[in-house]
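Being a predicted model, the structure only gives us computed values, none of them experimental. Throughout, numbering of the chain's residues begins at 1 and tracks the sequence.
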Amino acid sequence: MGRAGVLLAVAGVAVAAGQGAVWSFSGRIATSLAFSPAAIATTFGAATMAGTLGAGLAAWIGLERGRFAPLALGYVGILAAIALITTAPTAIRFMTGQVLFALFYFFVSPYVMGLAAELDRSGRIASGLS
């Protein structure tokens, strides 16, 4: 698997834990901002659609410029979205954060999986990250 593969696997687990925490508490954050159940559902539905766009954008960009730039852009976008979600004083910032979070998460995922598959052709790293 090699050192790079182990590093990617460890980083993947750390990132997934942080992202999981944000997803786990998003409903509570929305409730604290006085969202109705319907508004929460609409926000998460819009985020799901944005995620589809993010994956499509990754497919469109491909590997023409390598993986580093898309991964760096994606992770900066995820961090900005997390900041919006967790510090949102208003509903619009929370909604914007949720949509951006899903967009960038699903944009980054194909690049991470592709890198994992390149580093470990047996699929152990990629299966551990999924």
Side-chain angles (χ1 to χ4, degrees):
M1 184 174 336
R3 184 176 169 201
V6 171
L7 183 60
L8 178 64
V10 169
V13 169
V15 168
Q19 292 172 339
V22 171
W23 276 117
S24 297
F25 288 99
S26 287
R28 288 185 182 195
I29 295 168
T31 301
S32 76
L33 292 169
F35 272 58
S36 68
I40 293 171
T42 300
T43 299
F44 292 157
T48 300
M49 296 303 294
T52 303
L53 292 174
L57 183 60
W60 182 67
I61 292 172
L63 293 174
E64 288 181 26
R65 293 180 174 82
R67 283 191 184 94
F68 180 79
L71 282 169
L73 171 72
Y75 279 119
V76 166
I78 288 170
L79 289 173
I82 287 171
L84 283 172
I85 293 165
T86 59
T87 64
T90 64
I92 195 72
R93 275 188 55 183
F94 175 82
M95 293 169 72
T96 301
Q98 286 294 335
V99 168
L100 290 175
F101 184 85
L103 181 120
F104 284 112
Y105 176 82
F106 287 104
F107 173 78
V108 164
S109 292
Y111 289 104
V112 171
M113 292 304 212
L115 179 58
E118 189 173 302
L119 292 173
D120 177 23
R121 300 227 183 248
S122 71
R124 293 174 297 191
I125 297 172
S127 66
L129 294 174
S130 60

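For the pair Val108/Leu71, a side-chain contact is recorded, criterion being any heavy-atom separation below 4.5 Å from C-beta on. At least one side-chain heavy atom of Ile85 sits less than 4.5 Å from a side-chain heavy atom of Phe94.
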For side-chain contact (heavy atoms from CB on, under 4.5 Å), just list the numbers for Val112 and Tyr75, CA-CA rounded to whole Å, side-chain angles, deciding distance to a tenth of an Å, and then say yes or no.
CA-CA 11 Å; Val112 171; Tyr75 279 119; 3.4 Å; yes
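In this structure, Arg67 and Pro70 approach most closely via the heavy-atom pair O-CD, 3.3 Å. Here the closest heavy-atom approach between residue Thr90 and residue Leu33 is recorded as O-CD1, 3.9 Å. Nearest approach of Pro110 to Phe106, heavy atoms of both residues: CD-O, 3.2 Å. Between Gly97 and Ala81, the closest heavy-atom pair is O-CB, 3.5 Å.
Applying the side-chain hydrogen bond (donor to acceptor under 3.5 Å, both in side chains) definition to pairs two or more places apart or across chains, those involving residues 26-47 are Ser26-Gln98.
Here the straight-line distance linking atom OH of Tyr111 with atom CD1 of Ile61 works out to 5.0 Å at 0.5 Å rounding. Taken to the nearest 0.5 Å, the CG atom of Leu53 stands 12.5 Å off from the CZ atom of Phe107. A distance of 12.0 Å separates CG in Leu100 from CE in Met95, rounded to the nearest 0.5 Å. Separating the CG atom in Leu103 from the OG1 atom in Thr52 is a distance of 10.0 Å, to the nearest 0.5 Å. Remark: Thr87 OG1 to Ile29 CD1 distance equals 9.0 Å, nearest 0.5 Å.
A parallel orientation is assigned to the rings of Tyr105 and Phe101, their planes being inclined by less than 30° (bins at 30° and 60°).
The cluster map of Ile, Leu, Val, Met, Phe, Trp and Tyr, joined by side-chain heavy atoms under 4.5 Å apart, puts Leu57 and Leu63 in the same cluster. Linking Ile, Leu, Val, Met, Phe, Trp and Tyr residues whenever their side-chain heavy atoms come within less than 4.5 Å places Trp60 and Phe104 in a single cluster. The cluster map of Ile, Leu, Val, Met, Phe, Trp and Tyr, joined by side-chain heavy atoms under 4.5 Å apart, puts Val99 and Trp23 in different clusters. Under a hydrophobic-cluster definition in which Ile, Leu, Val, Met, Phe, Trp and Tyr are linked whenever side-chain heavy atoms come within less than 4.5 Å, directly or via other members, Ile92 and Phe44 are assigned to different clusters.
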